[in-house]
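Some notes on the structure that comes next.
In what follows, chains are A, B, ... by sequence order, proteins preceding strands, each numbered from 1.
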Number of protein chains: 2
Amino acid sequence: MVAVPPIQRSKSLHEQTYQALRTSILSGDFAPSERLVETQLAQQLQVSRTPIREALRQLQKDGLVTSDGSGGLQVTSISVIDAVQLYDCRLALEQLSVAGACAQATQRQLAQLEDYVVQAEALVPGKSPNLKVMQLLNLDYGFHRLIAESSGNRWLVGLLDQVFDKMALLRVQTTQHNPEVLEIRIEHRQIYQAIAERQVDRAVAAIRSHLMASQARVVGEVQQLSTANPSSLPGDVDLLNSPSLEG
Amino acid sequence: MVAVPPIQRSKSLHEQTYQALRTSILSGDFAPSERLVETQLAQQLQVSRTPIREALRQLQKDGLVTSDGSGGLQVTSISVIDAVQLYDCRLALEQLSVAGACAQATQRQLAQLEDYVVQAEALVPGKSPNLKVMQLLNLDYGFHRLIAESSGNRWLVGLLDQVFDKMALLRVQTTQHNPEVLEIRIEHRQIYQAIAERQVDRAVAAIRSHLMASQARVVGEVQQLSTANPSSLPGDVDLLNSPSLEG
DNA sequence: ACGGTGCAATCTGCATACAGCATACGTAGC
DNA sequence: GCTACGTATGCTGTATGCAGATTGCACCGT
């Protein structure tokens with residue numbers, strides 16, 4: 001009996017549809033408040049409405065699409081308030097994440113984490129700034145997600161993924177490209193070093209200051225953007241009453 | 001123009017189906033590892049397979065049902081390890097929850113919180129212990145959920161709900177009824193008082209000790225149950241390597 | 001010109017039909 | 001008797017058809 005690898009079975013259409021729509025949404029391929037019409041999507045993706053509907057239900061659970069009152073669906077719109085609250089959730093979860101990673105990360109995972117840090121640091125400044133920022137944000141996502149995985153807490157990874165998705169959505173809806181984001185490379189190295197040395201307190205402190213700085217960057221940028229172009233974004237109110245990242 | 005109230009429109013079948021199945025699952029109406037067959041469910045609920053499928057996709061996203069390898073779905077089975085990890089997530093989130101509630105809870109919400117505490121304390125010991133524990137656990141759920149709502153963080157509520165669902169699932173799968181759970185009434189009052197007095201540090205400390213105690217109760221009970229009846233539950237391993245509620 | 005009514009187009013919700021696949025069972029060959 | 005193959009049954013995945021609802025528009029009346 002020779003070792004015959006199992007044939008690659010293409011995933012179900014509703015799964016592929018889900019991935020395709022999710023990617024499109026997170027790439028900003030849909031205009032804000034554009035209605036997602038099943039028949040149109042079905043025609044574009046060349047499938048029937050049935051897998052489309054199932055994919056849309058999943059996206060709805062993800063919070064990436066929202067019912068618009070009477071049956072219709074549209075891409076969820078993330079406000080500044082949402083961003084602040086999402087960062088609060090993210091900080092709460094990622095503190096657990098780094099603590100778990102300090103205790104549980106394997107050598108292999110630590111090496112991968114360092115690789116993310118090094119890759120980000122190696123991004124040459126010559127390139128087009130936007131592309132560079134894009135790549136940096138991808139590395140940022142991978143770094144944080146790997147920390148969560150390293151904690152060994154399967155549920156934590158799932159919860160954080162949901163938060164990440166919505167933050168990515170905010171990003172495409174505001175097209176952030178603040179040059180200050182380059183700072184995260186320094187912050188990432190500090191987080192990595194603390195984890196690699198298994199120093200829980202330092203790691204928690206590092207992730208906290210990283211996320212608080214990120215939150216401030218995002219809020220600042222979005223508010224600047226919404227004052228330059230008023231009424232283009234929801235939730236443009238003062239944030240001073242929020243508990244925002246305390247504790 | 002007299003005020004005519006809008007007619008009550010019954011929700012869509014897939015929504016009703018979702019609610020019905022969710023309730024059934026969290027009530028333990030399905031045998032562990034029993035396969036959920038679309039056609040059977042459709043026949044029982046007297047609807048076609050289409051709304052059933054949409055409801056099942058949602059439940060899958062909720063983590064309440066899981067694919068069993070080849071297309072089939074079954075109720076998710078929660079192990080002791082999962083319980084520990086879920087409590088870790090829950091603690092991370094609920095610390096944010098109480099901190100937010102300290103800052104944001106309205107007088108009305110505080111009154112409702114106190115009502116939960118009082119109702120729990122008033123549960124007469126005469127009743128059948130199981131019924132009493134059941135009622136207490138319902139009050140427990142309402143108490144914690146209202147704290148999350150009081151924080152004003154809409155995403156936090158959603159994330160916590162997901163955690164609560166899985167813990168409820170664990171409960172029905174292990175039929176916990178540890179008499180020690182009566183302790184939570186004392187712990188709840190302490191949490192409530194700290195929130196009512198807007199003392200963030202005390203509230204965070206109170207929720208932490210409450211959840212750590214709950215985690216210990218649940219783990220102890222499940223492990224006792226699994227040693228009494230070995231191999232009836234998954235994940236019966238030592239937990240000493242887990243980061244478990246540190247930080 | 002303006003408001004209201006009726007109609008047409010479009011979309012969602014649901015049911016059903018059909019095809020492919022997995023599993024279980026029975027049967028034939030050894 | 002045991003293994004291996006063929007077959008039958010049941011379930012999932014997908015497409016499609018139909019009914020009800022919503023929206024936009026045109027037409028009519030004032």
Between CG of A:L56 and C1' of D:dT14 the distance, given in whole Å, is 16 Å
Around atom CD of B:Q107, are there more than 12 heavy atoms from other residues, nucleotides or ligands closer than 6.0 Å? no
How would you label the contact of B:T50 with the nucleic acid (heavy atoms, under 4.0 Å): base, sugar-phosphate, or nothing? base
So CG of A:D140 and CZ of A:R145: to nearest 0.5 Å the spacing works out to 13.5 Å
To the nearest angstrom, the CD-P distance between A:Q16 and D:dG13 comes to 13 Å
In this structure, CG of B:L56 is separated from CG of B:L41 (nearest 0.5 Å) by 6.0 Å
Within residues 35-43 of chain B, those residues having any heavy atom closer than 4.0 Å to DNA chain D are B:L36, B:V37, B:E38, B:T39, B:Q40
The complete set of salt bridge (Lys or Arg N to Asp or Glu O under 4.0 Å) pairs with one or both residues in residues 10-28 of chain B, sequence neighbours excluded, reads B:R22-B:D165
### Task
State whether the distance check finds a donor on one side and an acceptor on the other, under 3.5 Å, for side chain B:S70 versus base C:dA22.
no
Here the distance between atom P of D:dA15 and atom CZ of B:R53, to the nearest Å, is 11 Å
B:K11 atom NZ is separated from D:dG20 atom P, nearest whole Å, by 23 Å
- Message: Under a 3.5 Å distance rule, please check whether A:N153 uses its side chain to pair with a backbone N or O of B:Q85 as donor and acceptor.
- Response: yes
Taking 4.0 Å as the cut-off, does a side-chain nitrogen or oxygen of A:H14 come that near to OP1 or OP2 on D:dG13?
no
note: B:L73, atom CG; C:dA22, atom P; distance rounded to Å ~ 16 Å
Rounded to the nearest 0.5 Å, the CZ atom of B:F164 sits from the CD atom of B:E94 at a distance of 4.5 Å
Atom CD of B:E54 and atom P of D:dT12 are separated, to the nearest Å, by 16 Å
Rounded to the nearest 0.5 angstrom, the CD-CZ distance for A:Q173 and A:R171 is 12.0 Å
note: A:Q74, atom CD; C:dT12, atom C1'; distance rounded to Å ~ 15 Å
Side-chain atoms of B:S12 come closest, of C:dA15, C:dG13, D:dT14, to C:dG13
DNA chain C nearest-nucleotide lookup for A:R57 and B:R49: closer to the 5′ end is A:R57
